[in-house]
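Remember, it's a predicted structure, so these values are computed and weren't measured experimentally.
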Amino acid sequence: MSDFFTDDYAATADAADPLQRFRAQFHLPRFGDVEQAYFVGNSLGLQPRGARAQVEDVLDKWAMEAVEGHFRGSSQWMTYHGLVGAQLAEIVGAQPEEVVAMNSLTANLHFLMVGFYRPTAERPAILMEAGAFPSDRYALESQVRFHGFDPDTDLIEVQPGADGLFGTDAIAAALEQHGHRVALVLWPGVQYRTGEAFDLAEIVRLGHAAGAVVGFDLAHAAGNLPLQLHDSNADFAVWCHYKYLNSGPGAVAGAFVHARHAQTDRPRFAGWWGHDAATRFRMGPDFQPTPGAEGWQLSNPPILGLAPLRASLDLFTEAGMPALRAKSETLTGYLETLIRSQLDDVLDIATPRDVARRGAQLSLRVRGGREQGRALFEYLSDNGVLGDWREPDVIRISPAPLYNTHADVLRFVRTVARWRDA
Ligand SMILES: Cc1ncc(COP(=O)(O)O)c(C=O)c1O
Ligand SMILES: Nc1c(O)cccc1C(=O)C[C@H](N)C(=O)O
């Protein structure tokens with residue numbers, strides 16, 4: 001066990017890493033002359049070196065062609081969003097017509113709920129996880145109110161167990177009790193605070209058996225875990241591209257609408273970019289949506305915002321989700337092993353031990369409580385180790401398989417040990 005805690009072990013493991021070449025494809029943050037050990041890819045992924053060229057291509061096209069940029073060449077803006085569709089579909093396990101890059105995450109959640117949260121007096125409720133990312137709760141609560149229902153009774157928040165985790169049992173039990181009133185189950189793919197990953201297909205099965213629609217927020221799952229969205233039978237899903245998918249702050253987000261909902265009669269808030277592309281420029285008064293996910297678009301997309309995604313997706317396509325997941329398991333496993341063997345007196349791990357129930361994140365609590373946790377977090381930041389703090393008491397450390405190394409993990413563990421021993 002102690003062998004793992006050596007530079008030699010980390011260097012050998014990194015040299016044997018089949019994905020090691022990808023680290024050089026990213027800008028690694030450096031404050032002053034201190035290169036940072038970056039464990040915050042679950043919040044904002046690093047910049048791929050290829051992103052700048054993609055953005056510059058758009059700027060050049062705009063400079064040279066102006067409005068004609070919409071219609072000329074293979075990266076014309078009329079169809080630019082489609083350039084990422086096939087690669088994105090591969091990453092989330094969907095058919096190309098089931099995915100679209102558009103808007104932002106919370107906006108997509110709202111827009112898809114317009115179509116998929118159709119409450120009735122008998123079945124008004126949304127079932128969600130207690131402790132969800134605030135934006136999701138705000139969105140869901142406001143949707144319940146918008147439809148004239150009462151969040152006190154109709155926003156059902158499933159409580160986790162004493163360990164802070166849900167498992168599918170908690171969802172099954174909640175549906176057992178409330179299922180007849182639930183119009184929509186909205187669940188994360190990975191819970192942001194604890195890093196707990198969920199079995200999407202099982203949640204869909206449970207939700208559908210109760211007569212509910214099932215949607216997912218995959219902010220912390222897309223590009224992190226291999227997903228089979230189509231096969232999971234999920235009705236819809238939304239995610240962002242600025243975390244594991246490395247497309248920059250506020251990057252254009254993603255959405256999935258299952259092929260069985262590709263028909264165009266589902267209610268939605270419409271905009272011209274969702275209109276059938278073949279007739280969009282006839283400028284007719286009647287909205288005829290494009291079948292599939294693209295029919296949920298509103299506006300012509302922010303091309304400059306989409307450009308970095310192309311660079312990132314090329315890296316994902318080259319590496320492949322299976323290889324990324326294999327490395328992710330190894331790296332997060334290494335982090336867990338070192339914490340348990342070296343820092344057991346300092347840190348508790350809130351994330352499940354079961355590899356199938358977690359992705360590239362361990363959520364850590366400092367044994368001494370919140371004040372000690374804050375002190376450690378600040379010490380880490382001051383010493384070039386970047387994780388993030390989530391209230392009330394969690395430090396999240398996320399080794400991203402595209403650019404993190406065993407040496408980074410070792411540096412984190414040594415820095416915590418120095419803090420403890422000071
Ligand atoms: C689970 C989850 N939902 C929603 C959001 C908010 O997303 P956005 O600001 O892109 O709408 C985030 C991250 O910020 C998140 O982690
Ligand atoms: N999008 C963010 C931002 O603009 C500033 C700070 C943090 C974020 C995040 O994405 C937070 C992230 N969703 C989380 O899991 O906490």
Is it the case that R396 places NZ or CZ above or below the six-membered ring of F39, under 6.0 angstrom from the centre and within 45 degrees of the axis?
no

Taking every non-hydrogen atom, the tightest pair across A197 and A356:
CB-O, 4.4 Å

Examine distances only and state if a side-chain atom of R123 and a backbone atom of V182 form a donor-acceptor pair shorter than 3.5 Å.
yes

Residues in ring pair (Phe, Tyr, Trp, His ring centres under 6.0 Å) with F133, at least two apart?
Y192

Here the gap from N224 atom CG to S328 atom OG, rounded to the nearest 0.5 Å, amounts to 6.0 Å

Test item: side-chain donor near acceptor, W273 and H275, under 3.5 Å:
no

For A86, what residues pass the side chain to side chain contact (heavy atoms under 4.5 Å, CB included) criterion, not counting sequence neighbours?
none

Nearest 0.5 Å please: distance from the CG atom of L186 over to the CD atom of Q143.
9.5 Å

Measure the shortest side-chain to side-chain distance between P29 and L46 over non-hydrogen atoms and say whether it is less than 4.5 angstrom.
yes

Is R268 close enough and on-axis enough to F116, meaning under 6.0 Å and within 45°, for cation-pi?
no

Ignoring hydrogens and angles, state whether a donor on the side chain of Q76 or S74 is under 3.5 Å from an acceptor on the partner side chain.
no

Determine, stepwise, if the pair F111 / V238 fulfils side chain to side chain contact (heavy atoms under 4.5 Å, CB included).
CA-CA 10 Å; F111 288 128; V238 292; over 6 Å; no

Are R193 and E129 close enough for a salt bridge, meaning some N to O gap below 4.0 Å?
no

Are E336 and R353 close enough for a salt bridge, meaning some N to O gap below 4.0 Å?
yes

Rounded to the nearest 0.5 Å, what's the gap from CG on L44 to CG on D388? Could you check?
11.0 Å

Contact check, side chains of L402 and L324, non-hydrogen atoms, under 4.5 Å:
yes

Passing option when Y334 is tested against Y9, F412, F5 for ring-ring contact (aromatic ring centres under 6.0 Å, His included):
Y9

Are the side chains of V385 and V416 in contact, using a 4.5 Å heavy-atom criterion?
no

Short N-O contact, R137 and E157, less than 4.0 angstrom:
yes

Kindly indicate whether the side chain of N108, heavy atoms from C-beta on, has any atom under 4.5 Å from the side chain of M102.
yes

Crowded around R49 CZ? As in, over 12 foreign heavy atoms under 6.0 Å?
yes

Do N42 and H220 have side-chain atoms, one donor and one acceptor, less than 3.5 Å apart?
no

Is a side-chain donor or acceptor of D276 paired with a backbone partner of Q288 at a separation under 3.5 angstrom?
no

Donor-acceptor pair, distance only, cut-off 3.5 Å: does the side chain of K327 make one with the backbone of N404?
yes

Do you know the tightest heavy-atom contact between F316 and G223?
CE2-O, 3.5 Å

Is any side-chain N of the basic residue among E202 and R205 closer than 4.0 Å to the acidic one's carboxylate O?
yes

Examine the side chains of R260 and N233 and answer whether a donor and an acceptor come within less than 3.5 Å of each other.
yes

Assess, by modelled atom type and distance only, whether the side chains of E294 and W296 contain a donor and an acceptor separated by less than 3.5 Å.
no

Could you check whether R414 pairs with D7 (Lys NZ or Arg NE/NH1/NH2 to Asp/Glu carboxylate O, under 4.0 Å)?
yes

Any non-hydrogen side-chain atom of E141 less than 4.5 Å from a side-chain atom of P151?
yes

Test ring pair (Phe, Tyr, Trp, His ring centres under 6.0 Å) applied to W187 - qualifying residues, sequence neighbours left out:
F166, F198

Say whether, by atom type as modelled, one donor and one acceptor occur between the side chain of R310 and the main chain of A51 under 3.5 angstrom.
no

Which atom names give the shortest non-hydrogen contact between A101 and V252, and what distance separates them?
C-CG1, 3.7 Å

Checking Q191, R358, R357 against E196 for side-chain hydrogen bond (donor to acceptor under 3.5 Å, both in side chains), the one that qualifies is R357

Would you find more than 12 non-hydrogen atoms of other residues, nucleotides or ligands less than 6.0 Å from F281 atom CZ?
yes

More than 12 heavy atoms of other residues, nucleotides or ligands under 6.0 Å from CZ of F269: yes or no?
no

Within a strict 4.5 Å, meaning less than it, do heavy atoms of the R280 and W272 side chains meet?
yes

Backbone N/O of P124 and side chain of Y117: donor-acceptor pair under 3.5 Å
yes

Examine the side chains of D235 and H208 and answer whether a donor and an acceptor come within less than 3.5 Å of each other.
yes

Can you find a side-chain donor-acceptor pair between Q87 and T317 that sits under 3.5 Å?
yes

Walk me through it: do V34 and Q36 pass the test side chain to side chain contact (heavy atoms under 4.5 Å, CB included)?
CA-CA 6 Å; V34 183; Q36 306 290 302; 3.8 Å; yes

Before giving the answer on side chain to side chain contact (heavy atoms under 4.5 Å, CB included), spell out for N383 and R418 the whole-Å C-alpha distance, their side-chain angles and the decisive distance to 0.1 Å.
CA-CA 10 Å; N383 286 278; R418 270 208 312 281; 4.2 Å; yes

Under 3.5 Å, is there a donor-acceptor pair linking the side chains of S135 and T106?
yes

Test R21 against E318 for salt bridge (charged side-chain N to carboxylate O under 4.0 Å, His left out), laying out the working first.
CA-CA 11 Å; R21 69 187 184 283; E318 189 184 336; 3.2 Å; yes

Report the C-alpha distance between V144 and D150 in whole Å, list the side-chain angles of each, state the deciding distance to 0.1 Å, and finish with yes or no for side chain to side chain contact (heavy atoms under 4.5 Å, CB included).
CA-CA 7 Å; V144 169; D150 179 358; 5.9 Å; no

Compute whether any side-chain donor of one residue and acceptor of the other, for N103 and Q297, lie under 3.5 angstrom apart.
no

Ignoring hydrogens and angles, tell me if any N or O in the side chain of S312 forms a donor-acceptor pair with the backbone of P308 under 3.5 Å.
no

Rounded to the nearest 0.5 Å, what's the gap from CE on M113 to CD1 on I126? Could you check?
5.5 Å

Should V409 and T405 count as side-chain neighbours, where that means a heavy-atom distance under 4.5 Å?
no

The reported gap from CG in L225 to CD in E329 (rounded to nearest 0.5 angstrom) is 9.0 Å

Kindly check if the number of other-residue, nucleotide or ligand heavy atoms within 6.0 Å of CE (M283) is above 12?
yes

Should D348 and R365 count as an ion pair when the cut-off is N to O under 4.0 Å?
no

Would you say the side chains of Y244 and S398 form a donor-acceptor pair under 3.5 Å?
yes

What distance separates N246 CG from Y403 OH, expressed to the nearest 0.5 Å?
5.0 Å

Could you check whether any side-chain N or O of K61 sits under 3.5 Å from a backbone N or O of R72, counting only pairs where one atom can act as donor and the other as acceptor?
yes

Lys/Arg-Asp/Glu bridge criterion (N-O < 4.0 Å) met for D408, R23
yes

Is there a donor-acceptor contact under 3.5 Å from the side chain of T79 to the main chain of G82?
no

In the structure I gave you, are the side-chain heavy atoms of W77 and F71 within less than 4.5 Å of one another anywhere?
no

